[in-house]
Every structure is written in structure tokens, then in C-alpha cells.
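Just so you know, residue 1 is the first one in the sequence shown, and it goes up from there. Note that the structure is a prediction, hence the values are computed from the model and not measured. Only heavy atoms go into these numbers, but all of them, side chains included; no hydrogens, no water, no symmetry mates.
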Amino acid sequence: GKTDEYKLRIWISDDVNYSNTDRVDDNTDEFNDAQTSTGKYNGYKYSLKVKVTSGIASSTEIGNVSLNKLTFTTTIEDANGLKSYAVTTTPSVPADDSSEWIDLTTTAKSGVVRTSNITTKTIEYMVKKNGIHYLHVKNSLNQVKTKSFTANATGENAVDKIVGLATTNTNELRIDEHEATGQQTFATKEYRYWGATPNNYVWFNNELWRIIGAMDVDDGSNPAGTGNVDKRLKIIRANSIGNYSWDSSDSNTNKGNGVNEWTQSDLMTLLNSGAYYNRTTGNCYNNKENAIIPCDFSENSTTPGLTDDAKEMIGNAKWYLGAGNETYTSFTVNNYYTNERKNNAAKQCVQDEEYCSDIVERKTYWTGQIGLMYPSDYGYSANMTSCSSTTLSSYATLCKGSAWLFNNAIQWTLSPRSHSSYASLAFFVGSTGNLSTDSRVYAATAVFPVTYLLPSIQILDGEGTTERPFVLSK
């Protein structure tokens with residue numbers, strides 16, 4: 001209520017003359033400067049209207065909150081007009097300039113922005129986790145009313161969810177079966193998203209990622225052979241975390257071009273124990289001869305690293321490092337899949353050559369948590385009806401338009417390439433859509449982290465769209 005005392009000072013010139021009132025209400029008051037000491041403005045009147053909002057209770061009404069899994073519906077009302085609303089997991093009201101506020105006062109029609117005065121609105125919103133949430137509603141007077149509610153959705157096993165969708169949603173999910181091959185000592189049945197725009201978005205690490213598919217995955221627990229094999233979701237970050245080197249080296253090692261051995265590479269370190277993994281700032285490699293730039297993966301950056309919750313949703317996996325060779329230009333996606341799992345070392349050049357001077361042993365697999373997509377992941381994301389016999393080095397012509405993993409960026413893959421003269425090559429998807437190895441691993445190239453979720457992870461809600469992504473729970 002209006003119980004506070006207010007004093008208003010109106011400055012009417014560059015002088016120190018002003019008129020005072022001990023109380024200003026919601027009505028119009030007139031002030032006369034006849035009392036001023038200089039008399040400079042004698043006889044002039046002015047009026048102003050002061051609307052007091054401090055200390056006045058909000059007139060906003062928030063109706064009952066109805067929950068369906070993580071999606072709530074409610075009606076909000078305010079005779080003064082509704083301005084915006086926000087949903088948070090803490091009771092604190094977001095700052096006025098926070099992106100959390102969802103505007104209710106403007107609409108766009110035919111390119112024209114129109115303002116409106118909405119007094120009643122039914123809102124539907126999907127929260128991204130179970131627990132207590134707070135709905136903040138702001139009216140046209142910038143008064144905020146808050147109401148809490150608790151989401152307690154029951155989940156469905158994430159793998160079972162995607163496998164089930166594959167039987168009904170064949171326009172977006174394809175089933176591929178592979179015999180045991182190379183280091184993958186077990187047959188697999190994979191459920192992969194394909195096409196230009198599948199609904200495969202997932203909310204992970206408080207941001208959008210996308211599901212590559214449901215795969216049979218070795219957890220790498222047996223160095224001498226096959227470990228525990230479970231079907232798990234393989235996901236990739238929807239946006240790049242920046243352009244960084246796959247690896248770099250000093251000028252005496254491969255002439256500073258880096259070493260194409262993932263198990264000791266700079267990018268592997270960044271993703272699995274460095275600044276990205278630890279959600280902090282640091283220096284990242286981005287050119288030859290160990291050149292570095294500052295990189296920021298802290299909580300408030302545009303590319304934050306992994307949260308503790310995210311780390312608890314992923315686990316070790318065996319990643320295959322079989323290398324392609326000079327014949328890669330004739331490889332189809334099935335050829336790449338097989339080659340990735342072979343015992344092909346990534347180095348065949350002679351040790352004393354200047355671009356082949358490193359003494360690093362090449363591995364054919366790696367056990368870890370965060371990697372990159374395989375060339376075959378990119379290939380299988382296209383329409384296999386028309387692209388199964390197309391070489392990945394020719395995807396630009398017929399297949400990139402149907403491959404959701406193509407995004408116009410030059411992006412790294414996990415697979416190294418062996419060469420008769422160079423020891424610093426790895427495959428990347430070019431901006432044209434073709435797979436290539438034309439640049440060395442030191443090149444600053446887009447990085448899209450990839451990981452495997454634990455087999456126990458649940459999906460609580462969502463439809464796989466950007467607006468309603470699948471929401472995960474441990």
C-alpha cells in the first residue's frame with residue numbers, strides 16, 4: 001500500500017531552483033515556482049503525473065499450474081497489462097536485461113513489429129529438469145509476481161525411447177546392422193538419425209546437443225580385448241565450441257605441423273582434462289608450432305564446458321582410431337566404417353623425413369569420454385537411399401543437402417590419415433560437404449564435442465525439436 005513518505009524535487013533550470021512536495025500520489029499535482037528565491041520563473045506553472053509503483057503490491061494473478069511431465073500450463077492476468085515472464089530454478093528474479101525473460105508485448109507480422117497490451121495469457125512451457133521452479137511474471141508497471149511449482153516427471157530409458165521411435169519414425173531414424181569387424185569384435189545394430197532436419201535435439205549440459213544414434217558401445221574396460229558392451233546414445237554438441245587445432249607441435253617435430261595421434265593430442269586433452277572439461281578458462285592451440293590463444297569455457301561464456309551433472313551422465317567408451325590412407329577418395333560410408341575399426345596405424349612415412357620426424361607410437365583405439373564424430377557418422381547422417389554408393393569425398397554434389405551433420409563449417413573428425421610423406425593429417429568435413437585431409441592437424445578448425453551417454457540415462461520429456469528437446473535425467 002501507499003504508506004511511504006515521498007519527496008519530489010523538480011529541477012526547472014540549470015540553477016538550483018526547485019519546488020518541493022512532501023507527498024506525491026497517483027494523481028496529477030500542480031507546482032508553482034512563485035516561491036523561488038530568484039523569481040526567474042515567476043508566474044509559470046507546470047504539471048506532471050507521478051505514478052508510484054514502489055511499495056504497491058502487484059495486481060498480477062497467476063492461476064493454478066498444471067503439469068504434464070515437465071510441461072506446465074497456467075493462465076496469467078493483469079489489468080495493467082502483461083509484459084514478460086521467466087522461469088528459473090532459484091527464487092531470485094532475473095535482471096531486467098536477462099535473456100530469461102520471454103516478451104509478451106510485441107508480435108511480428110509481415111516484417112512489422114507490433115506492440116500490444118495483453119491482459120490475459122495462457123502460457124505453456126517445458127522446464128529442463130525435475131525439482132522446484134519459479135514462474136516470475138512482470139506487468140507493464142515492471143512489478144513482478146512469483147509463483148513456485150515442483151516438476152516430478154517419471155522418465156523412460158533413453159535408449160529404449162529412441163529404439164522405439166525407430167519403428168514408427170522411419171523418415172528420421174534408420175536401422176543399420178554390422179558384422180563384427182576389426183577391433184569391434186561384436187555385431188551391432190545401430191539406430192541412426194538421418195536426413196536434413198531430423199528432430200534429434202537433446203538438452204544436455206544446459207544446452208542443445210543432437211543425437212547421432214543408439215549404438216552398441218564397448219566401455220574399454222578390458223585393454224586386452226572386448227569390455228562391457230551396452231547400447232548407448234551417442235550425442236554431438238549442436239554448435240561448435242570454437243576453432244582449434246587437432247594437435248600442434250614444436251618446430252622440430254614434423255616441422256611444427258602436429259602429430260596425428262589422438263591419444264596424446266592437444267584437442268583430446270582440452271576435451272577430457274583441460275579447460276573445456278573443467279569448465280574454466282585457459283589457453284588453446286590454434287596454429288602450428290604450438291601457437292596458442294586464450295579460450296573461455298567458464299560458466300558465463302558462450303561456449304561453457306561440462307557441468308558436474310553432465311559428467312555424471314557420460315562414461316568411458318572405446319573409440320576406434322583406424323587410419324585411412326591414400327585410397328580414401330574411393331571410400332563410401334561403409335568403407336569408412338570398416339576402416340575406422342581396423343588395426344591401421346596412422347603413420348607410414350619414413351622416420352627421418354622432415355614432415356615425419358616424431359617418435360610417437362600410433363594407437364588403434366582410445367578409451368575416454370569426449371571425442372569427435374567419425375567420418376562414417378557424417379556419412380550415415382545423409383539419405384542412404386541415394387548416398388550409400390557415393391564416396392564421402394564427393395558428398396558435396398548429391399549428399400550434403402540430406403546430411404544433418406553438414407553445417408557449412410569445416411569441422412574435425414576423430415580419424416587420422418596415414419601418408420607416405422606426412423605424419424600430421426586427420427580427416428575433416430569441408431565447407432563444401434566433402435570429406436578431406438587437405439590441411440594439417442594444426443589448422444584451427446571447428447570442434448563439435450561428441451560423447452556417449454550412460455545406458456541408464458532417462459528421457460523425461462520432449463519431442464526432439466529445438467523448442468522441445470528431449471530432456472535427460474540420471
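Cation-pi contact between Lys189 and Phe186: absent, since separation from the ring centre below 6.0 Å together with deviation from the ring axis within 45° is not met. Figure legend: Arg174 and Tyr191 shown without cation-pi pairing, the cationic atom not lying both under 6.0 angstrom from the six-membered ring centre and within 45 degrees of its axis. Cation-pi geometry between Arg279 and Tyr276 is not met: the NZ or CZ atom fails to fall both under 6.0 Å from the ring centre and inside 45° of the normal. A cation-pi arrangement is absent between Lys145 and Tyr85, since the terminal nitrogen or guanidinium carbon is not both under 6.0 Å from the aromatic centre and inside a 45° cone about the axis. The cationic atom of Arg341 (NZ for Lys, CZ for Arg) lies less than 6.0 Å from the six-membered ring centre of Tyr374 and within 45° of the ring axis.
Minimum heavy-atom separation, Ala423 to Arg362: O-NH2, 3.3 Å. Heavy atoms only, all atoms of each residue included: Tyr277 and Leu271 are closest at CB-O, 3.4 Å. Residue Thr150 comes nearest to Ile132 through the heavy atom pair OG1-CG1, 3.7 Å, listed as atom of the first residue, atom of the second, then distance. The nearest pair of heavy atoms linking Pro304 to Glu299 is CB-O, 4.0 Å. Closest heavy-atom contact between Ile62 and Leu135: CG2-CD2, 3.9 Å. Of all heavy-atom pairs spanning Asp358 and Val360, the tightest one is OD1-N, 3.0 Å.
Taking a 6.0 Å sphere around CD1 of Ile293, one finds it holds more than 12 heavy atoms contributed by other residues, nucleotides or ligands. The number of heavy-atom neighbours closer than 6.0 Å to NZ of Lys129, taken from other residues, nucleotides and ligands shown, is 12 or below.
Defined by atom type and a distance below 3.5 Å, a donor-acceptor pair is present between the side-chain atoms of Thr75 and Thr122. A donor-acceptor contact closer than 3.5 angstrom links the side chains of Thr332 and Asn335. Under 3.5 Å, the side chains of Asp296 and Ser298 contain a donor-acceptor pair of N or O atoms. Looking at Tyr365 and Glu340, their side chains never bring a donor and an acceptor atom within 3.5 Å of each other. With no hydrogens or angles considered, a side-chain donor-acceptor pair links Asn142 and Lys83 at under 3.5 Å. In summary, the side chains of Ser265 and Asp247 do not present any donor paired with an acceptor at a separation below 3.5 Å, with no hydrogens or angles considered. Judged by distance alone, the side chains of Asn228 and Asp219 do bring a donor and an acceptor atom under 3.5 Å apart. When only modelled atom types and interatomic distance are considered, His136 and Thr88 share a side-chain donor-acceptor pair under 3.5 Å.
Residues Phe149 and Phe72 bring their aromatic ring centres within 6.0 Å.
Remark: side-chain polar atoms of Lys400 are paired, donor with acceptor, to backbone N or O of Thr432 under 3.5 angstrom. A donor-acceptor pair under 3.5 Å is absent between the side-chain atoms of Thr364 and the main chain of Asn343, judged by distance alone. Under a 3.5 Å cut-off, the side chain of Arg417 and the backbone N or O of Ser436 do not form any donor-acceptor pair. Asn80 contributes no side-chain N or O that, together with a main-chain N or O of Ser59, makes up a donor-acceptor pair within less than 3.5 Å.
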Evaluation steps, ring pair (Phe, Tyr, Trp, His ring centres under 6.0 Å), between Trp262 and Trp319: CA-CA 10 Å; Trp262 176 258; Trp319 304 70; 8.1 Å; no
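With respect to Phe331, the ring-ring contact (aromatic ring centres under 6.0 Å, His included) criterion is satisfied by exactly one of Phe427, Tyr395, Tyr336: Tyr336. Residue Lys147 forms a side chain to side chain contact (heavy atoms under 4.5 Å, CB included) with just one option from Thr74, Asn64, Val137, and that option is Asn64. In summary, of the residues considered (Thr413, Val333, Leu405), a side chain to side chain contact (heavy atoms under 4.5 Å, CB included) with Tyr378 occurs for Leu405 alone.
Residues Asp377 and Lys234 are in side-chain contact: their nearest non-hydrogen atoms beyond the backbone lie under 4.5 Å apart. For the pair Thr60 and Gln143, the minimum side-chain heavy-atom distance is 4.5 Å or more. Counting heavy atoms from C-beta outward, Ile314 and Tyr452 have side chains that stay 4.5 Å or more apart. Taking 4.5 Å as the limit, some side-chain heavy atom of Ile235 sits within range of a side-chain heavy atom of Leu453. Counting only heavy atoms from C-beta outward, the side chains of Leu472 and Val202 approach each other to under 4.5 Å. At a threshold of 4.5 Å between non-hydrogen side-chain atoms, the residues Ser386 and Leu398 do not count as touching.
With respect to Glu361 and Lys363, a salt bridge is recorded, a charged nitrogen being found less than 4.0 Å from a carboxylate O. Ion pairing between Lys474 and Asp309 holds under the 4.0 Å rule for side-chain N and carboxylate O. The pair Asp461-Arg468 counts as a salt bridge, with a side-chain nitrogen and a carboxylate oxygen less than 4.0 angstrom apart.
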